[in-house]
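Values below: every heavy atom of this structure, side chains too, minus hydrogens, waters and symmetry copies. Whatever order the structure lists ligands and atoms in, that order sets their numbers, starting from 1.
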Amino acid sequence: MSSLTRHLIAAGIAAFLLYPSYVSPSPARPAVVRDIRHWTNEEYTRVVIDLEGEAKYEANFLPADPVRKLPARIFIDIEKATLRDEIIRHPREVRNGLLTRVRAGRFRAGVVRVVIDLERESGYRAFDLSNPSRIIVDVEGRSEARNRPVLPDAPGKIVVMIDPGHGGKDPGATGPTGLREKDVVLAIGRMVRQKLSRLPGFDVRMTRDSDVFIPLEERTGMANETNADIFVSLHINASRNRKARGVSTYVLSRASDKEALVLAARENGVSVKKLSEVRFIIDDLSLYGRKKESLKLAKTVNDTIVRNIKRRHGPVHNLGLKQAPFYVLVGARMTAVLVETSFISNRSEEKRLRRRSYLETIADSVVEAIRYYGENGALARAG
Ligand SMILES: [Zn+2]
């Protein structure tokens, strides 16, 4: 068993409640803490520590110390690491009722300590993602996390976060005649926003509505920060097998088959080998999302897309509902799905994807599915 595997097992669900240590694998070379970023609301904060190089780290919880007037805190020790003075001088002020600030310093020779000062006792999960290397700490008010309603109580609007994949320096997959995934999904995303916003009861946001690069964990952070009820990540599939075609919709879990694992590795920007190593943490983290609800929405989205394409554009291959460890879904606190509509690598599907009417069909279908899911929300609340 590798040290990474042990680390991931240690980061189990009980860990969330019992504040254990998270220990990461040994580094290949010294790391530099480049930046600390965060997304936050009054019951959730995602802290991201950006690293240059892989790092061995350990996360721990310390209860408040009334004698020394110290608040409860989470600290992350990063070994064989250094950091910029700029980060030491400028702690990240948060003050959201959950935590006050995130600060960092040189704890002892070669060890950087990042401290999250808590305003009240909270649960946390720490995990790392690679390429680029970063440590992610999700802090949650303990009871609230489990008692959040699936959909807002009437008459509140259902907040939908639409996430067009890729963007900026990351084009996503490219078709045989040069069509780029990032452009197609942005076009679909804008259509979804326009159509869904017309319906009463929906508040639609987008992680991006221009050609910009946004890291995967930031997209999830944005959805959590805005307390979105539904998160839909839009992608176009691709394969080395030019004949591969069809529509599939995913929820976060271990890969349901080899193709799903290869696809998730590509979407995450990591190797299949690297991704295979994180399966344990995916098992744990998917428990914090709304797996059952996500499966329900994913099936509705997939069925609707397939039905509408068939009706308006002709034959379509239904690859169905699948599961895979997509980074962009890790830590999502709401109903969250990832859609892979058609293969840009397939000549005839790329041709379809160049047609506005085809993209309208996909957008109509996503809207129809979200609407159906929203209208049946009363059932979900009761269940
Ligand atoms: Zn993609």
Side-chain angles (χ1 to χ4, degrees), residues 129-132 161-193 206-223 231-242 244-253 255-272 274-275 278 282 294 298 301-302 305 317 319-330 332 336-346 349-350 352-354 358-359 362-363 365-366:
L129 299 178
S130 51
N131 191 30
M161 183 66 82
I162 300 295
D163 172 45
H166 314 280
K169 67 181 181 185
D170 170 18
T174 303
T177 70
L179 186 65
R180 294 177 305 186
E181 180 183 3
K182 68 171 183 176
D183 299 324
V184 178
V185 292
L186 179 59
I188 298 171
R190 285 172 172 159
M191 290 174 186
V192 171
R193 178 174 60 184
M206 290 175 86
T207 52
R208 69 176 180 102
D209 69 351
S210 63
D211 186 19
V212 291
F213 174 77
I214 302 175
L216 297 171
E217 73 282 3
E218 179 170 343
R219 298 164 187 258
T220 329
M222 287 163 84
F231 180 75
V232 180
S233 192
L234 298 169
H235 292 261
I236 308 293
N237 214 327
S239 173
R240 276 167 198 254
N241 172 9
R242 298 293 181 204
R245 64 202 159 86
V247 175
S248 52
T249 306
Y250 286 80
V251 300
L252 177 66
S253 192
S256 46
D257 53 46
K258 182 77 203 256
E259 281 87 52
L261 184 67
V262 171
L263 172 66
R266 187 169 53 71
E267 296 285 18
N268 294 342
V270 299
S271 67
V272 169
K274 189 96 197 168
L275 189 58
V278 305
I282 295 293
S294 300
V301 168
N302 204 72
I305 293 174
H317 202 54
L319 298 169
L321 183 55
K322 293 192 177 200
Q323 314 197 354
F326 289 102
Y327 282 177
V328 75
L329 299 177
V330 173
V337 304
L338 186 145
V339 193
E340 296 274 354
T341 50
S342 309
F343 281 69
I344 207 165
S345 49
N346 178 294
E349 294 209 329
E350 187 200 28
R352 277 181 165 180
L353 290 165
R354 284 192 181 277
Y358 189 73
L359 306 189
I362 293 166
S365 308
V366 171

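In this view, R180 and D183 satisfy the side-chain hydrogen bond (donor to acceptor under 3.5 Å, both in side chains) rule, not counting sequence neighbours. Under the rule for a side-chain hydrogen bond (donor to acceptor under 3.5 Å, both in side chains), the partners of N346 that lie at least two apart in sequence or sit in another chain are S348. Remark: F343 engages no residue in a ring-ring contact (aromatic ring centres under 6.0 Å, His included) (not counting sequence neighbours).
For the pair R219 (side chain) and L329 (backbone), a donor-acceptor distance under 3.5 Å is absent. Under the 3.5 Å distance criterion, the side-chain polar atoms of S233 are left unmatched by any main-chain donor or acceptor of L338. Remark: side-chain polar atoms of D211 are paired, donor with acceptor, to backbone N or O of G168 under 3.5 angstrom.
Screening the protein for N, O or S atoms under 2.8 Å from the Zn ion (ligand 1) yields 5; no waters enter the count.
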